[in-house]
Student: 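Below you will find the structure I want to go over with you.
Every chain is numbered from 1 and lettered A, B, ... according to where its sequence line falls, protein lines coming before strand lines. Fair warning: this is a prediction, and the values are worked out from it, not measured in the lab.
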Number of protein chains: 2
Amino acid sequence: MRLTTKGRYAVTAMLDLALHEGKGPISLADISERQGISLSYLEQLFAKLRRNELVHSVRGPGGGYQLKRERGAINVAEVIDAVNESVDATGCNKTANCQGGDVCLTHHLWCDLSDQIHGFLSGISLADLVHRHDVQEVAERQQRAMAQPEKLIASSVASAS
Amino acid sequence: MRLTTKGRYAVTAMLDLALHEGKGPISLADISERQGISLSYLEQLFAKLRRNELVHSVRGPGGGYQLKRERGAINVAEVIDAVNESVDATGCNKTANCQGGDVCLTHHLWCDLSDQIHGFLSGISLADLVHRHDVQEVAERQQRAMAQPEKLIASSVASAS
DNA sequence: ACTAAAGCCTAGTAAAATGGTCGGAATAAT
DNA sequence: ATTATTCCGACCATTTTACTAGGCTTTAGT
């Protein structure tokens with residue numbers, strides 16, 4: 001089981017796409033600016049998201065990415081799985097050969113935990129997140145920041161409350 | 001949030017202690033043999049477990065480790081916390097300064113997930129694990145293996161089913 | 001046709017974490 | 001004294017993370 005910035009970035013970027021749906025393709029440059037994630041890193045993450053059929057790309061000027069399915073049909077667990085290549089906590093990857101070809105003492109515990117986490121995250125869709133109050137507030141703040149591009153870099157270092 | 005072999009090893013070792021409670025101190029060498037965890041690595045893990053008041057050590061020959069509290073009073077979350085120094089999924093470590101002094105889009109999602117995981121793991125005590133059928137079966141297998149020490153190394157490589 | 005904006009791809013890389021090893025203390029039972 | 005054990009600090013190889021660099025391809029706009 002891995003839950004690091006990688007997965008967090010992926011979910012954040014996908015949520016950004018969900019928030020700006022209907023405005024045509026969103027460029028990674030925009031996401032990079034709004035969410036403070038390195039552009040090249042985003043490219044790598046989106047390569048995986050595309051391979052996993054979560055986003056659809058449009059090349060050329062004015063191009064960018066769009067969600068491949070509607071936001072209610074994409075859940076958080078999928079997104080993390082796509083970039084992490086496994087949301088599994090067992091280590092033996094459910095093969096149960098943790099101890100010399102046999103299960104280790106705590107094998108089933110980690111299986112249960114994996115199910116728990118997966119269940120929680122797969123129960124949350126991008127649409128659910130979009131409708132959360134805290135997400136809407138942050139999204140509005142980001143939109144205001146984008147309106148004054150020259151302040152963007154500064155505000156990303158010293159919080160302009 | 002980190003859930004890797006480190007935490008798994010710690011929980012496995014603590015469960016091994018719980019299973020052999022009442023037989024006096026258990027040496028790390030025994031645990032190393034039974035659970036297939038490197039002795040030196042166990043030493044490092046137990047240094048943290050001791051600092052976190054989860055185990056009690058006895059030095060000298062015949063020494064070893066014992067649970068500091070009864071097994072019903074030690075839960076899995078504590079053990080993982082002790083070796084990982086945080087069972088937190090947020091990355092900003094709940095300080096909410098993920099994006100230039102302000103919360104990022106998905107801050108609250110990760111807070112919720114952390115609560116979920118912590119709630120699940122803190123609801124499981126070592127005593128709970130000891131009573132599980134699968135744990136008892138594995139423990140018995142390990143006891144049989146310990147009875148024939150010469151076969152231990154071999155069976156840890158090629159499964160002797 | 002040209003240019004520029006975007007996606008796409010590969011390689012490299014510094015820093016951190018993981019999962020150890022090694023050597024030598026200190027301590028206590030025999 | 002010897003020996004079995006915990007303790008402790010340094011070191012190390014490998015992997016992952018998060019990121020940069022650079023080049024190539026596609027395509028809209030002029």
Student: What is the ring orientation for B:Tyr9 with B:Tyr41, classed by angle as parallel under 30°, tilted 30 to 60°, or perpendicular over 60°?
Tutor: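 Aromatic pair B:Tyr9/B:Tyr41 classed perpendicular.
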Student: Using the rule that two of Ile, Leu, Val, Met, Phe, Trp, Tyr join whenever any of their side-chain heavy atoms come within less than 4.5 Å, decide whether A:Phe120 and B:Ile80 are in one cluster.
Tutor: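 Same hydrophobic cluster.
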Student: Please give me the minimum heavy-atom distance between A:Leu45 and A:Ala10, naming the atom from each residue.
Tutor: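 Looking at all heavy atoms of both residues, the closest pair is CD1-N, 4.2 Å.
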Student: Within the side chain of B:Ser122, is there an N or O that forms a donor-acceptor pair under 3.5 Å with the backbone of B:His118?
Tutor: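 Checking the backbone N and O of B:His118 against the side chain of B:Ser122, a donor-acceptor pair under 3.5 Å is found.
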Student: What is the separation between atom CD on A:Gln35 and atom C1' on D:dC19, rounded to the nearest whole Å?
Tutor: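 So the CD-C1' distance, A:Gln35 to D:dC19, works out to 18 Å.
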Student: Could you tell me the separation between the CG atom of A:Leu28 and the P atom of D:dT26, rounded to a whole number of Å?
Tutor: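 These atoms are roughly 18 Å apart.
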Student: A:Asp128 side chain to A:Ser125 main-chain N or O, any donor-acceptor pair under 3.5 Å?
Tutor: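 Yes, the answer is positive, given that a donor and an acceptor are paired below the 3.5 Å cut-off.
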Student: So, A:Thr106 versus A:Trp110: side-chain donor-acceptor pair below 3.5 Å or not?
Tutor: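 A pair is found: one side chain offers a donor N or O, the other an acceptor, under 3.5 Å apart.
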Student: Once you round it to whole Å, what is the distance between P of C:dC9 and CG of A:Leu42?
Tutor: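 My rounded result for the distance is 16 Å.
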Student: Roughly how many Å is it from CG in A:Leu45 to P in D:dT17, rounded to a whole number?
Tutor: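 Spelled out: CG on A:Leu45 to P on D:dT17 is 11 Å.
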Student: Are A:Leu42 and A:Val58 connected in the hydrophobic side-chain network, where two residues link if heavy atoms are under 4.5 Å apart?
Tutor: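 No, it is not one cluster - the side chains of A:Leu42 and A:Val58 are not joined through contacts under 4.5 Å.
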Student: From CZ of B:Arg51 over to P of D:dC7, roughly how many Å is that when rounded to an integer?
Tutor: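 B:Arg51 atom CZ is separated from D:dC7 atom P by 10 Å.
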Student: Could you state the atom-to-atom distance from CZ of B:Phe46 to C1' of D:dT5 in whole Å?
Tutor: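 Atom-to-atom, B:Phe46 to D:dT5, this comes out as 14 Å.
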Student: Using a cut-off of strictly less than 4.0 Å, decide whether B:Ser57 has a side-chain nitrogen or oxygen near OP1 or OP2 of D:dC7.
Tutor: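 For D:dC7, OP1/OP2 do have a side-chain N/O of B:Ser57 under 4.0 Å.
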Student: Once you round it to whole Å, what is the distance between C1' of C:dA6 and CG of A:Asp30?
Tutor: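 Going from CG in A:Asp30 over to C1' in C:dA6 covers 11 Å.
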Student: Under 3.5 Å, which protein N or O atoms sit close to an N or O of nucleotides 20-23 of chain C? Give each pair with its distance.
Tutor:
unit_1	atom_1	unit_2	atom_2	d
C:dG20	OP2	B:Tyr9	OH	3.0
C:dG20	N7	B:Gln44	NE2	3.3
C:dG20	O6	B:Gln44	NE2	3.4
C:dT21	OP2	B:Ser38	OG	2.9
C:dT21	O4	B:Gln44	NE2	3.0

Student: Salt bridge or not between A:Arg69 and A:Glu78? Use side-chain N to carboxylate O under 4.0 Å.
Tutor: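 A:Glu78 and A:Arg69: salt-bridged.
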Student: Do B:Lys23 and B:Asp30 meet the salt-bridge criterion of a basic N to acidic O distance under 4.0 Å?
Tutor: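 Salt bridge absent between B:Asp30 and B:Lys23.
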Student: Tell me which residues in residues 58-70 of chain A put a heavy atom below 4.0 Å from DNA chain C, sorted by number, or none.
Tutor: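 Nucleic-acid contacts, sorted: A:Val58, A:Arg59, A:Gly60, A:Pro61, A:Gly62, A:Gly63, A:Gly64, A:Tyr65.
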Student: Calculate the interatomic distance between B:Lys48 atom NZ and C:dT18 atom C1'; express it in whole Å.
Tutor: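 The distance from NZ of B:Lys48 to C1' of C:dT18 comes to 11 Å, rounded to the nearest Å.
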